[in-house]
Engineer: 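The following block contains the structure, expressed as structure tokens.
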Amino acid sequence: MAGLAGRFARRWCSGLLGSPLQVPALGLHVGGPAMLASQKDFNNAVSQVKLLKEDPGNEVKLKLYALYKQATEGPCNVPKPGMLDFINKTKWDAWNALGSLSKEAARQNYVDLVSRLSASSESPSPEAPAADRKQPESDSLVVTSEDGITTIRLNRPAKKNALTTQMYHDIIAALQAASKDESAITVLTGSGDYYCSGNDLTNFTHLPAGGLEEMARSAAALLRDFVNCFIDFPKPLVAVVNGPAVGISVTILGLFDVVYATDRASFHTPFSHLGQSPEGCSSYTFPKIMGSSKAAEMLLFGKKLTAQEACAQGLVTEVFPDGTFQKEVWARLKAYSKLPPNAMRISKQIIRNREKEKLHAVNAEESSVLRERWQSDECMNAIASFLSRKAKL
Ligand SMILES: CCCCC/C=C/C(=O)SCCNC(=O)CCNC(=O)[C@H](O)C(C)(C)COP(=O)(O)OP(=O)(O)OC[C@H]1O[C@@H](n2cnc3c(N)ncnc32)[C@H](O)[C@@H]1OP(=O)(O)O
């Protein structure tokens, strides 16, 4: 039996590696939305796969195969192989599971996946103990590890924990480190009376040499990387929402496993007011969590939810009285952090993995749309209005 399994595994691997996965892509569709990966990026990624230092495993190879086929040939259009043709049937199933995903989105997902594989095969060690953790560049983010919990704390209370460009980079680095450290659970929370007031609107005033277009391009790339880290985060991720939450700090909650909120918290996504559009995969996760009309009220009309309303709609797991919030929540998290970490990781994988490709595609599309929005008059006027303090949301 073991011999048969071994032979099957070897045939399976060589079957995948002999697939078009390694054939240089020629004559493919070029163009598509500006944010999505170019043909050149895709070709580079196809070449990069051959240079991976570690075998990514059959599951990932299968994903690469399916994305390659979707990116080059579009939705699965060949007859299903027979029951006994195990390898080709499994490959067919993987391709077919991508449904009507566009060639451009598949190309982007392929490029993203290869870039994550390259990054992880270059990382020096699988475990980065907390003591070796690279500290954030600024004190606007504080990262600590204790009792099996890594806590990432937004620490700009005078600005309601608005997210600067540096903070996005620091959060990405903190999540990457937390995914490899010894903690069982990772928490995002805020200092002071706010959880987070969303994107720091003054980020838009630091125009690079390339002007507005370049600013929008690099902000969209940063947004995509930032949200990808939440999509891919492998351990239980908990938001401890210590006060009002605005914008991107609300939208990414759909990518957390558990959200605890004080009864003082509120949840506000004023994208239309700002001439912007949803991000953080909320255009997909919010309708799924709360139904399309409740999601539309938040994402289109900027309806602000109380903590109780957000809980009733499934965005928040549980609401606690403000007076006992910190004590109750941390006691509970400490108890959870003692559960077997591998079991929690694996359970999260089962719950989330089948959604990942979809979430990456949604993230790429939302970032691409926002890139255009940030160059619109509606958005410029809204930001100018905030900066001149004419408008408060
Ligand atoms: C690259 C990735 C991009 C991702 C795209 C993300 C999109 C979003 O997140 S959209 C949401 C953006 N956020 C907002 O529009 C909120 C703007 N802020 C406000 O409306 C208010 O400040 C408030 C409701 C959050 C709080 O009001 P209030 O309690 O009256 O406090 P102050 O307004 O006096 O705020 C104190 C201090 O903090 C500054 N500040 C607060 N939020 C932001 C912010 N998002 N960006 C920049 N600055 C912010 C505010 O200007 C005050 O500063 P000082 O006047 O210097 O004291």
Side-chain angles (χ1 to χ4, degrees), residues 35 140-141 154-172 175 188 190-208 212-231 239 241-255 264-283 286 298-306 362-376 378-393:
M35 261 305 294
S140 298
L141 198 72
L154 310 174
N155 188 40
R156 233 183 139 216
K159 298 286 181 185
K160 310 293 182 194
N161 296 325
L163 298 169
T164 61
T165 301
Q166 184 60 51
M167 286 166 79
Y168 288 105
H169 287 292
D170 285 342
I171 293 168
I172 291 173
L175 286 172
L188 185 67
S191 298
D193 63 338
Y194 253 68
Y195 174 63
C196 174
S197 62
N199 191 38
D200 188 314
L201 294 173
T202 67
N203 290 342
F204 291 108
T205 59
H206 310 302
L207 275 192
L212 186 58
E213 210 178 322
E214 171 55 20
M215 187 278 294
R217 189 205 60 75
S218 70
L222 177 59
L223 172 64
R224 210 180 68 216
D225 290 349
F226 178 76
V227 174
N228 275 343
C229 280
F230 287 87
I231 297 173
V241 183
N242 56 299
V246 185
I248 190 166
S249 70
V250 178
T251 56
I252 53 170
L253 291 177
L255 301 172
R264 236 179 11 84
S266 55
F267 299 83
H268 194 193
T269 49
F271 300 123
S272 298
H273 299 70
L274 292 166
Q276 297 184 32
S277 52
E279 77 307 86
C281 294
S282 58
S283 62
F286 278 27
M298 277 190 88
L299 297 175
L300 270 56
F301 301 144
K303 181 178 181 199
K304 192 197 285 189
L305 300 190
T306 63
V362 171
N363 182 27
E365 188 187 356
E366 287 178 347
S367 303
S368 172
V369 170
L370 263 173
R371 177 178 173 174
E372 302 304 322
R373 282 278 88 211
W374 286 326
Q375 298 175 69
S376 70
E378 286 182 347
C379 179
M380 286 295 107
N381 292 339
I383 289 165
S385 175
F386 172 78
L387 295 175
S388 65
R389 313 302 293 170
K390 274 189 248 150
K392 276 250 170 104
L393 297 166

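All values derive from a computational prediction rather than experimental measurement. Ligands are counted one by one from 1 in listed order, and the atoms in each one are counted from 1 as well. In what follows, every heavy atom counts, from backbone to side chain, and hydrogens, waters and symmetry copies are set aside.
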Engineer: Give the numbers and elements of all ligand 1 atoms closer than 4.0 Å to a heavy atom of E279.
Structural biologist: 5 (C), 6 (C), 7 (C)
Engineer: May I ask you to say whether R373 pairs ionically with E378, meaning some side-chain N is under 4.0 Å from a carboxylate O?
Structural biologist: yes
Engineer: Just go through K159, Q276, K304, M167 and tell me whose heavy atom is the nearest to atom 53 (O) of ligand 1.
Structural biologist: K159
Engineer: For ligand 1, which atoms, with element, lie under 4.0 Å from some heavy atom of G198?
Structural biologist: 9 (O)
Engineer: Would you mind telling me which of V369, L223, L212 makes a side-chain contact (heavy atoms from CB on, under 4.5 Å) with W374?
Structural biologist: L223
Engineer: So between T205, T164, N199, whose heavy atom ends up nearest atom 9 (O) of ligand 1?
Structural biologist: N199
Engineer: Determine whether a donor-acceptor pair (N or O, by modelled atom type, separation under 3.5 Å) exists between the side chain of N363 and the backbone of C281.
Structural biologist: no
Engineer: Any nitrogen or oxygen of L201 lying under 3.5 Å from a nitrogen or oxygen in ligand 1? Just yes or no.
Structural biologist: yes
Engineer: Taking heavy atoms and a distance under 4.0 Å, where does F226 meet ligand 1: side chain, backbone, both or neither?
Structural biologist: neither
Engineer: Could you pull out the closest heavy-atom pair between N203 and T164, with the gap in Å?
Structural biologist: OD1-CA, 3.6 Å
Engineer: Only counting residues at least two apart or in another chain, list the ones meeting side chain to side chain contact (heavy atoms under 4.5 Å, CB included) with D225.
Structural biologist: I172
Engineer: Measure N203 to ligand 1 on non-hydrogen atoms and call it side chain, backbone, both or neither using the 4.0 Å cut-off.
Structural biologist: neither
Engineer: Would W374 count as a contact residue for ligand 1, given that I'm defining contact as a non-hydrogen atom of the residue lying under 4.0 Å from a ligand atom?
Structural biologist: yes
Engineer: Under a 4.0 angstrom heavy-atom cut-off, which atoms of ligand 1 come close to A162?
Structural biologist: 43 (C), 44 (C), 45 (N), 46 (N)
Engineer: Are Y168 and N199 close enough that a side-chain donor and a side-chain acceptor fall under 3.5 Å?
Structural biologist: yes
Engineer: Please indicate whether any nitrogen or oxygen in L222 is less than 3.5 Å from any nitrogen or oxygen in ligand 1.
Structural biologist: no
Engineer: Is the shortest side-chain N to carboxylate O distance from D193 to K160 below 4.0 Å?
Structural biologist: yes
Engineer: Considering only heavy atoms, does S197 approach ligand 1 within less than 4.0 Å through its side chain, its backbone, both, or neither?
Structural biologist: both
Engineer: Could you tell me whether the side chains of S191 and N155 share a donor-acceptor contact shorter than 3.5 Å?
Structural biologist: yes
Engineer: Between A158, A219, A221, flag the one that comes closest to atom 1 (C) of ligand 1 by a heavy atom.
Structural biologist: A219
